[in-house]
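First comes the structure, then the notes that go with it.
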Amino acid sequence: MSHRWSTRLTSSSLAVSAFSSARLVFLLLYCLIASPTFAMANPTEQSSSSSNGGRGLLGSSLIFFTLITPVLFGLAVYHHDYILDTIFPLPDIKTALPYGDADWSAPGSKPAKADDAVVPWKLQVSNKDLEDLKDRLRNTRYGTAMSGQNFVYGFPADQLKKVVDYWLNKYDWKKQEALINQYDHFKTNIEGLNIHFVRVQPAKSTDPKRNVRVTPIILLHGWPGSFFELYKLIPLLTTPQQISGNDYAAFEVIIPSLPGYGFSDGAQKPGLHPPHIARIFNKLMTRLKLDKYFVHGGDWGGAVGVSLAKMYPDRVLGLDVTAYGWAVPPGRSLFKNILYLTMPKFLFNVSEPHRFLIHNFLALMRESGYMHIQATKPDTVGAALLDSPAGLAGYILEKFSTWTNPDNINKPDGALSEYFSLDDLLTNIMVYWVSGSIITSQRLYKETFSADPNDGFPVLVPSLLSDFRHEIPGANSPDEFVRPYYKDLITISKHKSGGHFPAMELPIELAADIWALAKNVLSRD
């Protein structure tokens, strides 16, 4: 069944009953208008009663509109998605989304020879680069923190000095480099880009009674995260868990760096946005001979994950995302926000009004300045961040503070030490620094916001949505808005805490969601 018809045929039973009610109203009106009461009593009186006939027609029209208007109004309020899908049906997904091949290498460069090789790779930062980093850190110029304002003005200079001091004198890069290299890394060229990824297979079971089914999963990071952001999930997903009886499951974990992030090449041509990245990663899974797989993503990884599920439902076994509002078309979301503001609450209400734009507008304005810059002129701010490791740290760590909990803005150290280790935070920053990828990573904002808006196609694969309480305002819409766009929704997993980086902050809780998705799907077989 095509996406278009599956969207139209899976409308709620309430919509069907509403249309049935409308047909009943039409039937009653027909009987009313066709009854003798509204007919001319005598043909010979037609000339003398034309004015009465006019008044009768007007009365019939008034009755018609009085009865039908509430039905139409109710449909418009409660089932506008169905109406809009009927009036503006979705095109063929194969023509609407970018399934075709592309080449993202520099214009004018020689086309790379077709090479499907998957080459082992290891992170090795030279001593020369490390000394250059230390020199830059020693020569950092600091501003003056605004007294008593904590993180209200951004990352304060006094706290930045503490981070730089730790980075210079206590942080052990070689130890962190070994931590990164404990798993196998590879690179392979897809569409002119060398794509970096981590591949971890579960250890073979030593219990002969256990039947362990190994299923691939691709984990997708966002900005300002990296593949390292997802490292704590690896042992939680590769350790087998019981499905039923002697049947166990474990994941083979694939963690790529998004194009332009970390050690994956950045596009040298404009236009590389999430659906294109989804195509690239589907090719990656094909190259690794992983035919069917699960997907998890957060931030931009959520956007890419949603695109993977839409474009390749025959290959994606299930989807877990944290920032799951990517599936809701922005125009529809805005319309629902308008309904919430204008309709009486007894006509239009939702279970999570705190998620509406009206309640998050000021927070969005405060926290989205970076997005406006990166969606318009990413290279400008990128030039400064590429040159200053302290500036890069302040820019990124401020997001790890306020995006984890908005109340952190009023805490002296941004509460970073309450949620993360400074070693982990600096290692994530080091991925950006040693790869020189901050500019190319930020370009994803411009490419995405310069493209067409959300395509409106629903996600058809089994899905579990991980809802952490302090996710960025506006990232996740109220449940009622989201459900129509995830057609096989297992659950929306509500977490009482947690922010934008749950893989680092609450990996056990996030892994539990991924396992809940997998157990549901695998138990269907």
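This one's a predicted model, so the numbers in the text were calculated from it and none came from an experiment.
Side-chain polar atoms of Asp513 and His296 form no donor-acceptor pair below 3.5 angstrom. Checked by atom type, the side-chain pair Asp320/Ser466 shows a donor-acceptor distance below 3.5 Å. Side-chain atoms of Thr427 and Asp424 include no donor-acceptor pair closer than 3.5 Å. A donor-acceptor contact under 3.5 angstrom links the side chains of Ser105 and Asp103, judged on distance only. A donor-acceptor contact closer than 3.5 angstrom links the side chains of Asn282 and Tyr293.
Taking the six-membered ring for Trp and the full ring otherwise, Trp300 and Trp326 have centroids separated by under 6.0 Å. Here Tyr370 and Trp403 bring their ring centres to under 6.0 angstrom of each other.
Other residues, nucleotides and ligands contribute more than 12 heavy atoms inside 6.0 Å of the NZ atom of Lys174.
With sequence neighbours excluded, the residues that form a ring-ring contact (aromatic ring centres under 6.0 Å, His included) with His196 are Trp121, His185, Phe227, Phe263.
For the pair Lys310 and Tyr312, the cation does not sit on the ring face, since its NZ or CZ is not both under 6.0 Å from the ring centre and inside 45° of the axis.
Using a 4.0 Å cut-off between a side-chain N of Lys or Arg and a carboxylate O of Asp or Glu, Asp467 and Lys496 do not qualify as a salt bridge.
Using cut-offs of 30° and 60° for the angle between ring planes, the Trp167 and Tyr171 rings count as perpendicular.
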